[in-house]
Amino acid sequence: MPELPEVETMRRGIAAAAGAVIEKITRPPTPLQAIIMEPPLGSFRRHVVGRRIERVGRLGKRVLLELDSGDRIVMEPRMTGLVLLAAPPDRKHLRLIIELTGPIEQILFWDQRGLGVVRLVSPTQFDECYGPAKIGPDALEVSVDELRERLRHSTRPIKVALLDQKALAGVGNLYASEILHRAGIHPARSCRRLRKDQWQRIHAEMLRVLHDAIQHQGSTLRDGTYRIARDVPGDYQFNHRVYQRHGQVCLACGKAQIVRIVQAQRSTFYCPACQRK
DNA sequence: CATATGTCCTGAGAGC
DNA sequence: TGCTCTCAGGACATAT
């Protein structure tokens, strides 16, 4: 499940596409469900073939190809999607090929489950669908004061609030648990009951965890889908302290066992000793 | 208005 | 062995 570090790794992986011109877009025949494309492929092609990619950006958990027309291609990996230069994990789940002339030859969109989305949006559509009203500040850019102001009046548990992309862009289920463990905050704690120093710890650990995870090129989980290329997984999973470690002894205190609970239909992992309610 | 729930999808693993 | 069932969760639509 690509979150900010995995998507940033994908963005860096294809960053050399800046300057390239789109020659062709194809969707390989597959017995599986096609990913969602908007507009549909024919119209998509007419708008982008011949256009130059000026910049490869990122918006939270999405990769952006900014075109010389002002339009943007928004690539959302969601659960199992990958944006790659080459060497996808297999051919079966290859969903889209963007062929280029320029520094690199192609960009691939691979997605095992097919929940991913690729959209072409005009500047107006971008503001409507992905502007500040829809997507909060990037987790790597937000200040501690803004983070606190955006969430301090919420009645939601802090773990659930950190996943809200309108409030904060980039943190997902895995890193939310890791951040709160390192900050020593119980995941069920209501946002409005957090003190200022606790917000400071959350903010500091968020930056540390996300930057470290980027250094390690993200986390490849048990399902093994996320990777940088066919046989190259990320390795931040070896630094996880709580995620999917329930039943094991906490690496910080060495005493309590990591617990798994469900919040908002999602697994949360924490140490009951290090993260008191 | 804020928060909660249902939905999409595929493959892995459990249980019979 | 092979079937059926459940689960994983990001983002969005719909419901409370």
Side-chain angles (χ1 to χ4, degrees), chain A residues 1-11 27-28 30-38 58-64 74-83 88-96 109-119 121 125-126 128-136 138-139 149-179 187-193 210 213 218-227 237 240 242-246 260-269:
Chain A
M1 43 173 176
E3 304 181 21
L4 187 153
E6 291 77 25
V7 176
E8 175 61 16
T9 302
M10 295 180 205
R11 186 198 69 75
R27 197 157 52 186
T30 165
L32 305 172
Q33 182 75 29
I35 54 156
I36 293 174
M37 284 198 70
E38 286 174 8
R58 179 179 60 76
L59 182 71
K61 302 175 194 174
R62 299 165 170 96
V63 174
L64 305 179
V74 181
M75 307 175 91
E76 297 186 26
R78 299 218 179 161
M79 287 303 296
T80 53
L82 298 175
V83 179
D90 61 44
R91 298 295 298 178
K92 181 182 174 188
H93 301 94
L94 190 54
R95 312 282 180 156
L96 197 68
F109 191 86
W110 180 94
D111 190 354
Q112 183 185 83
R113 291 187 198 162
L115 297 176
V117 175
V118 177
R119 282 202 180 97
V121 293
Q125 290 172 316
F126 185 83
E128 280 171 20
C129 303
Y130 304 103
K134 297 287 178 113
I135 310 275
D138 193 84
E149 280 310 314
R150 287 181 153 263
L151 293 178
R152 63 185 294 197
H153 300 298
S154 171
T155 58
R156 289 179 295 178
I158 179 62
K159 156 64 162 52
V160 176
L162 288 175
L163 301 183
D164 181 353
Q165 302 298 299
K166 270 205 278 295
L168 175 73
V171 174
N173 199 51
L174 188 167
Y175 292 103
S177 284
E178 292 297 323
I179 290 163
R189 181 95 179 191
S190 168
C191 287
R192 63 180 175 182
R193 294 189 54 227
L210 295 177
S219 302
T220 297
L221 304 182
R222 281 192 301 232
D223 74 3
T225 48
Y226 169 74
R227 41 206 55 243
Q237 64 276 15
H240 293 177
V242 289
Y243 192 75
Q244 288 181 351
R245 292 196 68 250
H246 50 303
R260 174 187 180 269
I261 58 171
V262 175
Q263 297 179 283
Q265 264 96 287
R266 274 140 179 86
S267 298
T268 299
F269 302 86

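In the text below, chain A, chain B and the rest are named by the order of the sequence lines, each starting its count at 1. Predicted model, so just to flag it, every value in this text is computed and none were measured.
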Non-neighbouring partners of R152(A) that pass side chain to side chain donor-acceptor pair (under 3.5 Å), sequence neighbours left out: E149(A)
Touch class at under 4.0 angstrom, heavy-atom based, for R260(A) against every strand present: sugar-phosphate
Salt bridge (Lys or Arg N to Asp or Glu O under 4.0 Å) involving R260(A) - partner list, sequence neighbours excluded: none
Heavy-atom protein contacts under 4.0 Å, nucleotides 7-14 of chain B, coded B base, S sugar-phosphate only, - none: -BBBS---
Partners passing side-chain contact (heavy atoms from CB on, under 4.5 Å) against T155(A) (at least two apart in sequence or in another chain): R192(A)
Contacts of R62(A) that satisfy salt bridge (Lys or Arg N to Asp or Glu O under 4.0 Å) - sequence neighbours left out: E76(A)
Contacts of R11(A) that satisfy salt bridge (Lys or Arg N to Asp or Glu O under 4.0 Å) - sequence neighbours left out: E8(A)
Residue list, side chain to side chain donor-acceptor pair (under 3.5 Å) with Y226(A), at least two apart or on another chain: none
Chain A contact limits on DNA chain C, taken 5' to 3' with a cut-off of 4.0 angstrom to heavy atoms: dA8(C) to dC12(C)
With sequence neighbours excluded, residues passing salt bridge (Lys or Arg N to Asp or Glu O under 4.0 Å) with R266(A): none
Touch class at under 4.0 angstrom, heavy-atom based, for S154(A) against every strand present: sugar-phosphate
Set of ring pair (Phe, Tyr, Trp, His ring centres under 6.0 Å) partners for F269(A), sequence neighbours left out: Y243(A), H246(A)
Results of side-chain contact (heavy atoms from CB on, under 4.5 Å) for D164(A) - residues two or more places apart only: R156(A), K166(A), A167(A)
Terminal axes of the helix from dA2(B)-dT16(C) to dC16(B)-dG2(C) (five pairs each): angle between them, nearest 10 degrees: 50°
Touch class at under 4.0 angstrom, heavy-atom based, for Y175(A) against every strand present: nothing
Distance-only side-chain donor-acceptor flag, T268(A) / Q263(A), under 3.5 Å: yes
